[in-house]
Every structure is written in C-alpha cells, then in structure tokens.
Amino acid sequence: MNFFDKLNEAIVQNQSILFVGLDPNPEMMPVGYKSQDIMPRLWDWLQFIISETADKVCAYKPTLGFYEALGIPGLELLHKTLAAIPSHIPIILDAKHSDLNTSTLFAHTVFTEWNVDAITLSSYAGQDHVAPFLVYPDKAVFILCCTSNPTAIKLQHYPTDESPFYLQIVKESRTWGTPEQLGLEVGTTKSEVIARIRADAPERIIMTRSIWAEGNNINQILAAGLNKNGDGLLIPVPQDMLSREDLSKQVLSLQEEINRAKTEINLDASSCSVWLPNICLLNQHPLQDLILQLYDIGCVMFGNYVQASGAVFPYYIDLRKIISNPQLFNQVLKAYEDILRTLKFDRVAGIPYGSLPTATGLALRLHCPMIFPRKEVKAHGTRRVIEGEFYPGETIVVVDDILISGKSVMEGAEKLKSAGLNVEDIVVFINHEQGVMNRLQENGYRGYAVLTISEITETLYTAGRIEREQFLALKTEE
Ligand SMILES: O=c1ccn([C@@H]2O[C@H](COP(=O)(O)O)[C@@H](O)[C@H]2O)c(=O)[nH]1
C-alpha cells in the first residue's frame, strides 16, 4: 500500500489528523523517568508515547537529528522505536535531508532498510535531490517550505511579502512529484501563511509545524489549511503535551476538538455562501484543479487558430506541453486511466506524435503492452506501418489528445485495423463536441473523453481565468 493510502486509512481508522513527534530529546524528557542511564529512560518514554497515542494519531514523526545526537546508541534506539510503531500507522522520518550527493544511498537506506513511509527533505537542492526519493512509488516526501525561525523570515519572505520565496518553493516543488508522493512541510505560527500555501497548492498534503504559538486558534489553522474536501492537513500534537502523565487523555481531547472544528468548517463550506477566490464550491467540476493547471501552463490558448481543415477556431489546445510537467502529466494519465480501466483490450495504441507519451505512460501504469501506427512509413529499414509487437485478432484501445473532426484518430485506427487488429474504443482527453462523437459512432467506434470543451471553458470562466467575451465566443461556437 502506498504512503497516501496508508495515511488516509490511518486517518479514517483513528478519526484523527494528528501526528506525534517521537523525539528522544533529553531536555524534554519528563522527570518521572527515574532509571539511571539516559538511554533506557528515553526508550521508556518513547514507548509510553506510542502506547498512549497509537489509537489517536494518523502518523508518527521521529526526528533523525535527536537520535543521531545520541551517537551509536541513538541509532539503535531509532531502530527499536521504528519497530515499536504499529505497522498500519505511517512513519514520516524527519530528516530534512539536504545533500544531493548522498540522496540516492540515503533514500535506499531509509525506504528499504529502515522501512519508513515518508521523509522530510530540504528544497534547496532542487528536483535533482528529491528525485532519488521519488523512485520508490509507495513512499513519499515532504518538502520543507518554511519554518517559524524568526531569522529565517529574511530568506523565506525574500524578495517581497507579496511574492515570497516560500511560495516559489511551493510552486516549483509541485512540478517535482504527484500529490500522492509529495507533500509540503509548513512550519509557521501564522494561519495566513498556511492559507497562502493552500491557495497555491490545493491538492497537496500540508504537514503543519510550530502552529501552537500562544494565542493561536486551531479553528483558524484548520480553516486556512484544509482543502476543499475538508482534509489534506496534518496537525502536530504539541511538544509539551508529550511530557504529561495523562497524555492519552490530552491527545483525545485535542483530537475531539479538531474533529468538531473540522465538521463545522466542512458544513460551512458545503454552502454556496462560502467562496474561495472566484470559485463557487457548489457545481465545481471534479477535475477543476486539473483544468486550471492546464490553463496555467499554457495548454489552453484563446485567439483565432486555423485548424487542419482550414476552419478557424477561437481557441487552440496544446496538450503536448504536459510532458514537461511530471506531476500534471501524471494527473492527466490518471484521468485517462479511469476510463481505460472500464474497457477491455489487449494493447494500447497512441496516435503520433502528440499522444505517444500518453500511450507510453498509460502502458506503464496499466502494465499493458503498447503499439502505435506510424504517421509515415519509411522507405528504408523495416518499413513497418505499426511499431511494436502484436497479434492479428487482438483488441486495441486507441488514445489521442483531442477530437476536432476525428480524422486523425480514425486514420490511425484504420491502419491498425488493416493489420488485422480490432479497434472499437477510442479514448481522448478533450472532446471538441459539435457532433464528433456521433461521427466516430457512424464509423463503428465508441468514443470516450475525459473532458469536453464546454466543461473546460465553463470551469475557466467560473474560476475567473477567462473573460466573459472569451466564454461567450466559445458558447456561440457550440
Ligand atoms: O486545438 C487543437 C486542435 C487540433 N489539434 C491537433 O489535431 C488533431 C485533432 O484534429 P482532428 O480534426 O480530430 O483530426 C489532434 O490530434 C491534435 O494533434 C490540437 O492539438 N489542438
């Protein structure tokens, strides 16, 4: 089971978004632990924390630095601690790892030998540093976006408060990994900081830190950090609570307070009187976030564009750009995959060139062989019309990016049929509408699309991304 699913199961099972730091910090150890040596005392304390909280939290977060500071016995203590955590509760190793040179080896050690589920990483060395941790599909990383250290503000809020560096980290790191594999660590005493990060990263898990500053109100933190589904936020158990004898009781009362506040916030959000910037929460398209991201990276352009047929359309969709944005590409693939999983086929075929990366990604996700019909047949070499292995009589599902007239996808499908393959299902990302699905049907194909052009324009208009004129121009085209 991957980290994301494991975390969600623990949240549901324990009805909690709380996580606990498992830190053998001698300075914080309660006085009641009287045995002579420090190591057995720390171990007793850590065991106590786990046994008091295992049914009330959704994750444990041991901080590597505290164990390292205790030398070799500290690393032994870490192993005992990891082994003592119930296997259904995810472990987020708080390493704030930041060294590119050791990232591959360290990722291997923590994920395959120590078997932790996720790790915190510093963002400063960029995607090259993070990538070795993301090659473990069931594991996750949390990117440190900001801390509450007063002097760090000079860096984190650079160059201006309007456009601070910590938001640049959020923006950049969203392109490094999928929402299932990459979350954000946000240390702050200010709910406004959490709200800004949530606005820029609506799909990410945010692990909050340092939120228990005096005067802070948990309702404000939750309202700022919960996503539109009322989740996506992890809250730390306050450090000073971990020294209390009645820890279990304290955590239970905090858990209940948080759950009550969450319910109130979710109830409020389910009414149309609550608006996020320009977005009504009712009637929101389920793929709204994906549509907005596609627009934001320039896949949907408005203007007068000449089509292959000579017709002029008021927009152009360029889905070829998604290959340069891995996390978005993954979301697009997931949306295709949801349709493909309802169909029966032996192989997947992409229409060149635009849909070859998509077909490749789907073949990998679905563990299904891929072929493709060539656009032009070469006069040398194998002179193949179809690349890849196949057997006549097999069923092929064809994937393409967008249907305008349906000509290019049907030409590709015909080449496959000429080689003795069966093609009935065609899956595209965008349906231009205007009867193209009927045209496919008249030619013997069943067409499926992730989105229609109307869904895209309505979503962009509702979210304030396009003007009324652009929206109406598309409306009259329908
Ligand atoms: O906005 C657009 C319009 C077209 N394309 C490209 O054209 C084909 C689809 O056109 P048909 O008329 O259905 O053959 C599509 O595969 C794209 O390659 C586009 O990318 N964006």
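As the structure lists them, so they are numbered: ligands from 1, and atoms in each ligand from 1.
- If you check the side chains of Ser122 and Ser98, you find no donor sitting under 3.5 Å from an acceptor.
- Between Phe313 and His432, the angle of the ring planes stays under 30°, which puts this pair in the parallel group of the 30/60° scheme.
- Side-chain N or O atoms of Asn443 include one that pairs as donor or acceptor with a backbone N or O of Arg439 at under 3.5 Å.
- The shortest heavy-atom contact between Ile351 and Gly412 is CD1-CA, 3.8 Å.
- Not counting sequence neighbours, Asp400 has no partner by the salt bridge (charged side-chain N to carboxylate O under 4.0 Å, His left out) test.
- Protein residues with a heavy atom under 4.0 Å from ligand 1 are Gln307, Tyr316, Ile317, Arg320, Asp400, Asp401, Ile402, Leu403, Ile404, Ser405, Gly406, Lys407, Ser408.
- A donor-acceptor pair shorter than 3.5 Å can be found between the side chains of Arg365 and Asn330.
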